[in-house]
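Have a look at the structure below before the remarks.
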Amino acid sequence: MQVENLAESLNRITLNDGRKITLIGTAHISSGSVELVEKTIEEENPDRICIELDESRMKSKSEKQSWENMDIRKVFKEGRGFFLLANTALASFQKRMGEQTGIKPGEEILTAAKIAKEKNIPLSLCDREIQVTFKRAWAKSSFYNKCKLLATLISAAFSDEKITEEDIEDLKKQDTLETMMSEIAKELPTVKEVLIDERDRYLATSIYKQEGNNKVAVIGAGHMGGVIKTIDSLEKGEIDSDISEIASVPPKKKSSKYLSYIVPTLIVLLVILGIAINGWDQGLRMFLYWMAACAGCTFASSIFSLAHPLNIIISSITAPFFALNPVLGVGMLSGVLEATFRKPKVKDFENMTDDAGKLKGWYKNRILHALLAFFLSSIGSMIGTFVAFPMLIANL
């Protein structure tokens with residue numbers, strides 16, 4: 001394999017069989033990146049164009065109606081609330097970066113796709129599904145790291161830090177998504193493999209396996225080193241080209257399923273122990289303490305989210321029972337109820353990314369408000385559960 005450095009953000013790879021891959025490393029919020037894509041495709045006249053997008057992100061960028069067709073209640077029922085929250089924060093972060101530079105995030109990617117359509121050049125979406133990336137990172141994270149992961153994403157969405165010309169130059173070496181991924185990897189080294197290494201391997205292998213003798217691939221500049229290294233390893237036969245293992249979410253281990261029953265089992269055991277030691281009255285009192293702690297914390301968090309009054313009442317009453325059932329969650333119920341009592345309108349879908357960057361937007365936008373109710377009621381229920389433990393033990 002031969003690697004020819006054509007410019008700071010441009011590399012041409014000649015494979016052992018003579019096929020060529022031209023890698024364009026871009027910053028997703030740079031006008032120069034758009035011009036570089038147009039110029040390179042014109043000069044190379046490729047027989048295939050590969051871009052760093054997956055099907056769901058391509059659909060969200062090219063089809064405005066995809067947001068409007070989303071059933072927010074179905075999202076909660078399918079347990080995808082946290083992932084929608086993460087995606088919303090990520091979209092807000094990228095949009096804020098784009099507003100400061102005057103370039104729509106990912107414009108150079110869409111430009112490559114547009115040229116492919118105009119010139120009738122085959123187009124390949126070579127990135128891994130963003131949901132798979134987040135779910136794999138989520139699965140490898142402890143409870144504490146899950147909280148840090150969400151906190152990092154949300155703080156990035158709310159950050160009011162201004163971007164400078166110097167920052168833009170740095171972004172040409174690392175795209176906005178990669179910037180956020182790198183920051184998360186610093187905070188959570190245990191998921192670095194998923195957020196950085198796996199994506200480089202997936203992207204490189206997808207590009208490498210696509211048909212074509214003269215391919216042009218548009219990728220974030222931060223991937224350039226990892227992609228070149230992976231293609232070299234593929235050429236030498238050092239790694240397998242089968243990426244099915246990292247293309248899906250691993251099934252939950254039986255041990256993790258059993259662990260989810262530990263908290264409700266301990267609560268039941270403590271109440272039974274209270275009955276055995278001090279009689280039925282004390283056991284009932286301990287159970288009421290547990291219900292009060294869980295319901296009270298859920299009530300307080302729901303009040304903070306300014307959820308619908310009926311939602312607050314129902315979520316608070318049912319929180320202790322949901323906490324005893326690992327399959328269900330009070331956050332799911334709260335999110336569904338909020339979206340039912342305050343049904344989202346078309347403008348909520350249209351303004352979702354804009355509103356996500358402002359605290360006020362999370363209360364004004366009905367989709368974000370449902371997410372907020374879902375998130376805070378989940379946190380409140382968890383706090384109530386752990387607050388109840390010392391109360392129960394003290395009353396034995």
For [X] versus [Y], what's the shortest heavy-atom pair and its separation?
{"X": "Gln210", "Y": "Cys126", "result": "CG-SG, 4.1 Å"}
{"X": "Leu234", "Y": "Asp240", "result": "CD2-O, 3.9 Å"}
{"X": "Ala112", "Y": "Ile51", "result": "CB-CG2, 3.8 Å"}
{"X": "Ser244", "Y": "Asp242", "result": "OG-OD1, 2.9 Å"}
{"X": "Pro320", "Y": "Ser316", "result": "CD-O, 3.6 Å"}
{"X": "Ala307", "Y": "Ile312", "result": "O-CD1, 3.4 Å"}

When you group the ILVMFWY residues by side-chain heavy-atom contacts below 4.5 Å and let the links chain together, are [Y] and [X] in the same group?
{"X": "Met332", "Y": "Ile367", "result": "yes"}
{"X": "Phe375", "Y": "Leu371", "result": "yes"}
{"X": "Ile317", "Y": "Val330", "result": "no"}
{"X": "Val3", "Y": "Ile219", "result": "yes"}
{"X": "Phe299", "Y": "Leu306", "result": "no"}

Should the heavy atoms of other residues, nucleotides or ligands under 6.0 Å from [atom1] of [X] be counted, would the total exceed 12?
{"X": "Glu118", "atom1": "CD", "value": "yes"}
{"X": "Tyr202", "atom1": "OH", "value": "yes"}
{"X": "Lys39", "atom1": "NZ", "value": "no"}

Working to the nearest 0.5 angstrom, can you tell me the gap between [X] [atom1] and [Y] [atom2]?
{"X": "Ile115", "Y": "Leu123", "atom1": "CD1", "atom2": "CG", "result": "11.0 Å"}
{"X": "Ile239", "Y": "Thr230", "atom1": "CD1", "atom2": "OG1", "result": "5.0 Å"}
{"X": "Ile231", "Y": "Lys209", "atom1": "CD1", "atom2": "NZ", "result": "13.0 Å"}
{"X": "Thr318", "Y": "Ile313", "atom1": "OG1", "atom2": "CD1", "result": "11.5 Å"}
{"X": "Leu372", "Y": "Ser377", "atom1": "CG", "atom2": "OG", "result": "9.0 Å"}
{"X": "Thr111", "Y": "Ile49", "atom1": "OG1", "atom2": "CD1", "result": "11.0 Å"}

Is the closest side-chain heavy-atom distance between [X] and [Y] below 4.5 Å?
{"X": "Leu125", "Y": "Asp54", "result": "no"}
{"X": "Ile243", "Y": "Arg201", "result": "yes"}
{"X": "Ile207", "Y": "Cys50", "result": "yes"}
{"X": "Leu36", "Y": "Glu108", "result": "no"}
{"X": "Glu42", "Y": "Lys119", "result": "yes"}
{"X": "His223", "Y": "Leu23", "result": "no"}
{"X": "Met224", "Y": "Ile228", "result": "yes"}
{"X": "Thr40", "Y": "Val218", "result": "no"}

Which residue pairs pass the salt bridge (Lys or Arg N to Asp or Glu O under 4.0 Å) test when at least one of the two sits in residues 221-238, sequence neighbours left out?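 Qualifying pairs: Asp232-Lys236.
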
Check for a donor-acceptor pair, side chain of [X] on one end and backbone N or O of [Y] on the other, with a separation under 3.5 Å.
{"X": "Ser381", "Y": "Thr298", "answer": "no"}
{"X": "Lys215", "Y": "Tyr208", "answer": "yes"}
{"X": "Ser378", "Y": "Phe374", "answer": "yes"}
{"X": "Ser334", "Y": "Gly331", "answer": "no"}
{"X": "Asn214", "Y": "Glu44", "answer": "yes"}

Run the side-chain hydrogen bond (donor to acceptor under 3.5 Å, both in side chains) test against [X] and tell me which residues pass, sequence neighbours left out.
{"X": "Ser315", "result": "Asn311"}
{"X": "Arg48", "result": "Ser124"}
{"X": "Arg128", "result": "Thr133, Glu198"}
{"X": "Asp197", "result": "Lys192"}

Sequence-distant partners of Tyr363, ring-ring contact (aromatic ring centres under 6.0 Å, His included), two or more places apart: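 In terms of ring-ring contact (aromatic ring centres under 6.0 Å, His included), with neighbours along the sequence ignored, Tyr363 is linked to His369.
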
Ile24 and Val216: side chain to side chain contact (heavy atoms under 4.5 Å, CB included), yes or no, with the steps? CA-CA 7 Å; Ile24 308 175; Val216 166; 3.6 Å; yes

